[in-house]
Amino acid sequence: MKFENSLGLLEGLNDVQKTAVLHEEGPLLIFAGAGSGKTRVITYRIAHLCRHKNVAPWQILAVTFTNKAAGEMRERLSGILGKKSDDIFVRTFHSLGLYILSRHCEQAGLKSGFSIYDDAAQKSLVKAILKEKKIDPEYISHDAVIQFANRMRDRFDSGAYSSSGHYDKELLGLTDEYFKKLKENNAVDYAGLLYESVKLLNGYPDILALYRNLWKYFLIDEYQDTNHTQYVMGKLLAGENNNLVVVGDDDQSIYSWRGADISNILNFETDYTDCRVLRLEENYRSTAPILKAASSLIANNQKRSKKELFTSKHEGEPVHYRLCGGDLDEVKTIVEKIQSLNSSGISSEDIAVLYRTNAQSRIFEQLFQERGIPCMIIGGFRFYERAEIKDLLAYLYVTVNPSDTVSLERIINVPARGVGEAAIGKLRKLSQERGITLFEAMPFAPEIKGVRSASKIAHLYAMFREASESVFSGTFPSEIAAGILKKSGYLDSLKKNKNPESISRKDNLDEFINAMKEYEEQTLARGDSPDLPGYLQSISLFTDEMKSQEGGPAVSLMTLHNAKGLEYKVVFIAGIEEGYLPHKISMDEGMLEEERRLLYVGITRAKEKLYLSSSRYRRIFGSIQPRMASRFISEIDPDVIEKKEEETSLPYRPDAGRAVHNFNESQRESAIAYKTGERVIHERYGHGTVVTAENTVSGQKITIEFDEDGRSRKFLTAYTPLKKENSA
DNA sequence: CGGCTAGTCATTTTT
DNA sequence: TGACTAGCCG
């Protein structure tokens, strides 16, 4: 990367790319097909502005959709510009919203240190409202309220709703209540980050002017996935000088369910009148067969601006398609293929497995683990979604934002301190009577009759008071967190339970505290002093994926949505069946095209080898169901695809329950088998006797009755520190 | 109030 | 299949 410094920026670019890089003033729309060197063009253009046009880095604002994309762009920029690139403002839309909101929070009706509610917090607040209002969840579900509240703000037109019917009226009332409660809690949810910040820019010309003067050059990536609120944000910030560059590809629009409006990109030309339009149509990523497969598939979409990607690469093996017997066969085939690719010299980090739904990742994870192939699940179960991390975060949120009742209610009885639903109810009632927050009501708990845990509540209150004072006195966030874990009794309660889960929870908390220390060091290195509110904001939108355990090269597993913007030498797409792709809820005319685009996105991630597959039978909700290959498979040009069909493997008779004999047979050989009646030693529980033993998909599952306490516990032998008594 | 059990219900996709 | 919940009992 270093030599990019000495090379001219235009070297090796095609004519369209050059034009895009050299574009200086005015609106520009770049239709950037998959693999057309989009990131390169974007970063080079920014570099060109900085180097040759005397634009200061801090005058440039670049907005992306995911943290990952933002991180990648920063990295590329620093590869070209070096340290200078640090000042370029590269953010996701949501973090841009947060940045603006936190700087003018009073005008937005928020106090500093406001909380950010993720989906789970949003859900629990809505649920609480429904319960309080005694709404039958059968009549109005919390999902309906959430959907409504989000859609409303995605469109930036809360006033435009006619509440004609009963249902709509009630829905509207509930969303209003939800917004009110958010304010009371001094909190913003994800949709609110966008909506409130745009409302702010819209309503305060002086604030808007501030940012217009700051950011003279504005770039939005993945423009096809912007919703209306984001569109308005772009329009406002671009201002009169209109130095707005948007990049996107209507064929890769896959977020309409989140309010994305494809017409933002399709109407850009008419919307920004003196706009220039460029089309990047040469693909540098994929081999010809892969590209042909992709274009033949997407050609079936009606609603799209016609374009055809081309490549100068002509060689390349065909796209492989395999119709497998059952889902386990499919996974096995893929894993074995990966092993053979590995031994032919292709590193795991160049390989990705893609699927439609998160739930599909599990069987892959299992088999990868069994075979000892390192893998990482991108976007699936995130570190910050773990219960213990969320608990600690809730403690920290209450510390800086005592109005945050959602967080307070989350941890008021975690660890268990005898504060049940009844006690909380009484406390809540008192807070309502006196017009104070739940937090402020805590010290009055001893005055309420029948609250036995009053002293504990008062004690917790004192702990929070002490913690918030230490925030002011400049105590480091990591110290505050460590103090809370200790004084709240959280650590003690984990230590009491010696099960493996508690140990891993403790480890996660340690890791979290370490990350805080890292943040503190970095902040200090920049010459700032770290504080808790700042820390919470910096991580609130950051969702780290689980790290590969070994740290070495690992196969990436992710949903098709998560794969956008990435590329791999080898790509597997699994479960291409009716019901998944298209997904069963997206079968109707309107949504079918988006499903097709989703597969298109997946296919175009592949550089050299592409393996598609589906299964004849699949276990869904525990029962085995027959499946059909996706219609999309037959839409791919037969000239570039090589199809193989497997026999239905016998174990998968429809409705045959759990008859997976041959699989278990192969397992039995690999694992150390324990027999019923056998004496064993467990690392933690000591001596015991095996009372049951059965073979499952994830290995041998045994029940041991322990001498020490006479209790029986169940284990998977593969994950248990266990040995036979006589082998010791 | 808290821990356990049995029964229910679920899976799009993400910031 | 397995995660979550309501409801029961200690």
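Numbered from 1 within each chain, the chains take letters A, B, ... in sequence-line order.
Candidate nucleotides B/dT15, B/dT11, B/dT14 were compared by shortest atom distance to the side chain of A/W257, and B/dT14 ranks first. Proximity note for A/F621 (side chain, C-beta onward) versus B/dC1, B/dA10, B/dT13: the nearest is B/dA10.
The shortest distance between the side-chain N/O atoms of A/T559 and the OP1/OP2 oxygens of B/dT14 is below 4.0 Å. Between A/N413 and the phosphate of B/dG2, there is a side-chain N or O to OP1/OP2 separation shorter than 4.0 Å. Contact between the side-chain N/O atoms of A/N227 and the OP1/OP2 oxygens of B/dT15 is not found at any separation under 4.0 Å. For A/N562, a side-chain nitrogen or oxygen approaches OP1 or OP2 of B/dT14 to under 4.0 Å. In this model, the phosphate group of B/dT13 is approached by a side-chain N or O of A/N358 to a distance below 4.0 Å at OP1 or OP2.
Sequence neighbours left out, the pairs with a member in residues 447-461 of chain A that pass salt bridge (charged side-chain N to carboxylate O under 4.0 Å, His left out) are A/R434-A/E447.
Heavy atoms of A/M587 sit nowhere under 4.0 angstrom from any nucleic acid atom. A/F93 comes within 4.0 angstrom of nothing in the nucleic acid, heavy atoms only. As judged by a 4.0 angstrom heavy-atom cut-off over every strand, A/R452 is placed among residues making no nucleic acid contact. When heavy atoms are screened at a 4.0 angstrom cut-off, A/A422 is found touching the sugar-phosphate backbone but no base atom. Here A/F65 lies in heavy-atom contact (under 4.0 Å) with sugar-phosphate atoms only. Among the heavy atoms of the strands lying under 4.0 Å from A/S586 is at least one base atom, whether or not backbone atoms are also near.
A donor-acceptor contact under 3.5 angstrom links the side chains of A/D404 and A/Y117, judged on distance only.
Below 30°, between 30° and 60°, or above 60°: for A/F368 and A/F364 the angle between ring planes is between 30° and 60°, a tilted geometry.
Going from the P atom of B/dT13 to that of C/dC4 covers 15 Å, rounded to whole Å.
Residues passing the side chain to side chain contact (heavy atoms under 4.5 Å, CB included) test with A/E75: none are found, sequence neighbours excluded.
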